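What follows is a short report on a single structure.
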Amino acid sequence: MRNDDQMKYPGEERYYDQGQQTPNSQWQPTATPQNFVTGQGDKFRESQPRQQNVWRIAALFLLMTTVIFLATTVLAYNHIINPTPTSTVRQAAQQTLTSGSTLSSTPTSSSALSVTPTTQPSALVADGVITKNLTLTCQCDDPIRVTINTIQIDNANGRMIWDTSLKDITSNSLGYQISEDLQANTQQTQAHATFSQGSGTLVSNTPYDIQGIFAFVPSHNVMYTLTVVVYTNSLGLTMKFDPVTITF
């Protein structure tokens with residue numbers, strides 16, 4: 001009969017073989033729970049510095065953004081309370097133009113500006129009677145005195161009527177011939193008056209009214225020069241009176 005210790009049942013060989021291992025055989029464990037726990041701790045400790053670095057980068061970015069915003073605000077406030085003077089800007093622009101290019105002192109035909117003022121037509125004098133009572137003077141012997149009494153403006157007929165008095169200051173009843181010329185300061189030609197009694201005989205010391213008609217209407221703020229010449233055939237004398245300026 002076999003010994004129980006020597007009996008081997010199928011599938012139990014490995015348990016019996018363990019007790020029969022030689023001293024030289026080495027037993028090496030495959031894995032321990034300690035190694036598994038140690039590996040998880042290392043991974044946890046490695047994740048902590050990475051999170052700290054992210055927070056440091058975010059804090060540094062916020063700090064830089066705050067510094068830039070404060071600097072921009074300070075510059076804008078300084079510009080508002082201390083604006084650049086307009087004269088300084090103009091001087092800088094002039095210096096830039098001067099240093100950048102030399103301007104020609106002689107304008108070309110395409111860039112030259114006209115400096116000739118355009119003469120605007122003045123408004124005509126309104127209808128009415130202008131009182132003068134102006135006695136003319138003469139640097140000569142003037143036995144006949146000439147006085148401009150009134151000037152009548154007649155726009156409907158485009159004319160002026162000058163009422164003129166002639167007076168013989170002698171006792172000879174002198175004969176006369178008269179001419180009146182009117183010239184504007186803006187024109188070279190003279191306008192001649194037409195008389196209904198341009199010649200005749202005067203009664204001594206008695207005023208004699210005649211009318212000289214100019215065939216135009218004067219303009220406002222225009223100076224006109226009146227020249228009157230009287231000739232007396234009785235004495236063979238020509239009297240040229242001093243010119244008179246009249247502005248309507």
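Note that the coordinates shown come from a computational prediction; the quantities given were computed from them, not determined experimentally.
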Which residues share a ring-ring contact (aromatic ring centres under 6.0 Å, His included) with Y231, sequence neighbours left out
none
Sole residue of L237, V146, L174 in side-chain contact (heavy atoms from CB on, under 4.5 Å) with V230
V146
Close side-chain approach of I144 and M239, heavy atoms under 4.5 Å:
yes
If only side-chain N and O atoms count, and only distance matters, is there a donor-acceptor pair under 3.5 Å linking D181 with T227?
no
Any donor-acceptor N or O pair under 3.5 Å, side chains S165, N149:
yes
Passes side chain to side chain contact (heavy atoms under 4.5 Å, CB included), L136 versus T147? Steps please.
CA-CA 6 Å; L136 305 182; T147 303; over 6 Å; no
Would a hydrophobic clustering, with Ile, Leu, Val, Met, Phe, Trp and Tyr connected at side-chain separations under 4.5 Å, put I148 with V244?
yes
Mind checking whether Y224 and F216 have parallel, tilted or perpendicular rings, split at 30° and 60°?
tilted
Those residues at least two apart in sequence (or on a different chain) that pass side chain to side chain donor-acceptor pair (under 3.5 Å) with D154 are N157, R159
If you look at every heavy atom in D168 and T170, which pair is closest and at what distance?
OD1-OG1, 2.6 Å
Under a single-linkage definition using a 4.5 Å side-chain heavy-atom cutoff for Ile, Leu, Val, Met, Phe, Trp and Tyr, are V228 and M223 assigned to the same hydrophobic cluster?
no
Under 3.5 Å, is there a donor-acceptor pair linking the side chains of Q139 and D242?
yes
Under 3.5 Å side-chain donor-acceptor pair for T164 and Q211
no
